[in-house]
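So the structure is just underneath, and the comments pick up after that.
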Amino acid sequence: MKIQNLKINQFGKLKNKEIELKEHINIIYGKNESGKSTLLKFILGMFYGLSKNKNGKNYTDFQKYTPWNEEDFSGKMKYTLDDSASYEVFREFKKKSPKIYNENAEEISKNFTIDKTNGNRFFVEQTGVEEELFTSTICSLQQEVKLEEKEQNTLVQKLSNIVTTGEDNISYTKIINKLNKRQLEEIGTRKKPR
């Protein structure tokens, strides 16, 4: 997946910003309190929405990033999936569900599951990536890079598969182990031929 363009109408301290992202890795840097974490939260908010649940914090993400002057609390983002399909999502953060458009500028928002708690699940259905996994791997928010053991194992396996085979779901190690087992069963070893 590649995010191509971000248009922030207003989100937290960011206002009227347009950002073009390049191929491969993009590094966002700047001084403290310049809006780097806010930009990452904007991306997360575009894909997953903003939580109105405090979850032990003083303010919800929705409260934290709502503009003080109550102006346009919205933005849009263009992205392309690995299958080369391009989409644009427009989100008014005060509304539950975003508007999703395909590469022909046709609104396809209703093609995805909408639930009362999480809103439109378009990005999860397109990529299979839940918000927790996204924040732990794809984008790194300050102090939020943490994975449970199960996610660590999944990530390590997928990275290992990508490095050895170019695909995240093909395990070189599993294939070698199966071949070795079959060789032992059908041929044996030098000391103990079959």
Side-chain angles (χ1 to χ4, degrees), residues 1-9 11-12 19 21 24-26 28 37-57 60-66 73-162 167-171:
M1 181 207 64
K2 178 185 182 287
I3 299 172
Q4 299 160 309
N5 175 279
L6 303 168
K7 171 70 172 95
I8 305 167
N9 296 326
F11 185 88
I19 301 169
L21 297 173
H24 308 297
I25 295 175
N26 289 271
I28 308 297
S37 295
T38 302
L39 178 62
L40 287 174
K41 273 295 191 183
F42 173 79
I43 293 170
L44 284 169
M46 292 302 290
F47 285 139
Y48 300 102
L50 286 178
S51 175
K52 292 185 178 180
N53 193 333
K54 287 188 177 180
N55 293 326
K57 299 182 276 188
T60 68
D61 284 345
F62 182 83
Q63 292 169 324
K64 184 175 179 179
Y65 295 103
T66 299
F73 186 23
S74 68
K76 68 179 177 178
M77 177 170 57
K78 291 181 183 177
Y79 62 99
T80 303
L81 297 178
D82 293 343
D83 65 1
S84 298
S86 293
Y87 299 92
E88 181 174 275
V89 58
F90 173 77
R91 190 180 286 270
E92 290 183 63
F93 291 98
K94 293 179 182 177
K95 296 182 178 178
K96 192 79 166 168
S97 290
K99 292 183 179 178
I100 299 103
Y101 300 92
N102 65 18
E103 50 208 6
N104 300 320
E106 301 165 326
E107 185 178 352
I108 57 168
S109 308
K110 293 183 180 177
N111 295 356
F112 304 101
T113 304
I114 300 172
D115 74 35
K116 291 179 181 179
T117 306
N118 297 312
N120 192 312
R121 306 268 297 159
F122 72 97
F123 190 66
V124 174
E125 290 178 20
Q126 288 175 331
T127 63
V129 177
E130 295 284 348
E131 183 175 5
E132 192 173 289
L133 183 60
F134 188 91
T135 57
S136 298
T137 57
I138 297 170
C139 80
S140 303
L141 294 171
Q142 190 174 2
Q143 308 264 330
E144 291 190 18
V145 180
K146 52 190 167 202
L147 289 171
E148 297 296 324
E149 188 172 347
K150 181 180 176 186
E151 283 98 9
Q152 287 177 16
N153 293 337
T154 301
L155 178 60
V156 168
Q157 183 62 52
K158 285 185 176 286
L159 290 173
S160 175
N161 293 346
I162 288 171
E167 298 287 331
D168 70 341
N169 59 355
I170 299 173
S171 172

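The figures here come from the full heavy-atom set of this structure, side chains too, leaving out hydrogens, waters and symmetry mates. If you're wondering where the values come from, they're calculated on a predicted model, not measured in any experiment.
- With S109 contributing its side chain and I100 its backbone, the two residues share a donor-acceptor pair below 3.5 Å.
- Nearest heavy atom pair, residue G12 against residue T38, reads CA-CG2, 4.4 Å.
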ring-ring contact (aromatic ring centres under 6.0 Å, His included) assessment of F123 paired with Y48: CA-CA 7 Å; F123 190 66; Y48 300 102; 5.7 Å; yes

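- Of the inter-residue distances, the one linking S97 atom OG with K110 atom NZ reads 10.5 Å to the nearest 0.5 angstrom.
- Heavy-atom neighbours of K57 NZ from other residues, nucleotides or ligands within 6.0 Å: above the threshold of 12.
- Checking side-chain atoms of N104 against main-chain N and O of E106 turns up no donor-acceptor pair under 3.5 Å.
- Across every non-hydrogen atom of L81 and Q126, the tightest pair is CD1-CB, 3.8 Å.
- Looking at every heavy atom in both residues, I3 comes nearest to Y79 through CA-CB, 4.0 Å.
- Between the CG atom of N102 and the OH atom of Y87 there is a distance of 7.0 Å, given to the nearest 0.5 Å.
- Scored by the side chain to side chain donor-acceptor pair (under 3.5 Å) test, K96 finds no partners at all (sequence neighbours excluded).
- Under the rule for a side chain to side chain donor-acceptor pair (under 3.5 Å), the partners of Q4 that lie at least two apart in sequence or sit in another chain are T80.
- I43 contributes atom CD1, which lies 5.0 Å from atom CG of L6 (distance to the nearest 0.5 angstrom).
- A cation-pi arrangement is found for K52 relative to F62, the charged atom lying closer than 6.0 Å to the ring centre and inside a 45° cone about the ring normal.
- A salt bridge between E131 and R121 is absent, with no side-chain N of the basic residue lying under 4.0 Å from a carboxylate O of the acidic one.
- Pairing each heavy atom of D83 with each of A85, the nearest pair is OD1-N, 3.0 Å.
- The neighbour count for K99 NZ, taken as heavy atoms of other residues, nucleotides or ligands under 6.0 Å away, does not exceed 12.
- For the pair D82 (side chain) and M1 (backbone), a donor-acceptor distance under 3.5 Å is present.
- One N or O on the side chain of E103 and one on the backbone of S86 form a donor-acceptor pair closer than 3.5 Å.
- Note on ring orientation: taking the six-membered ring where Trp is involved, the planes of F122 and F47 are tilted (angle from 30° to 60°).
- Side-chain contact between R91 and M77 is absent, with no heavy atoms from C-beta onward closer than 4.5 Å.
- Scanning for ring pair (Phe, Tyr, Trp, His ring centres under 6.0 Å) contacts around Y65 gives F11, with sequence neighbours left out.
- The minimum heavy-atom distance linking S74 with N9 is given by the pair OG-ND2, 2.8 Å.
- Nearest approach of M46 to K76, heavy atoms of both residues: CE-CA, 3.4 Å.
- The NZ atom of K41 sits 7.5 Å away from atom OG1 of T135, with the distance rounded to the nearest 0.5 Å.
- Distance check: I19 CD1 to I28 CD1 gives 6.0 Å after rounding to the nearest 0.5 Å.
- Side-chain contact check for T66 versus L50: every heavy-atom pair is 4.5 Å or farther apart.
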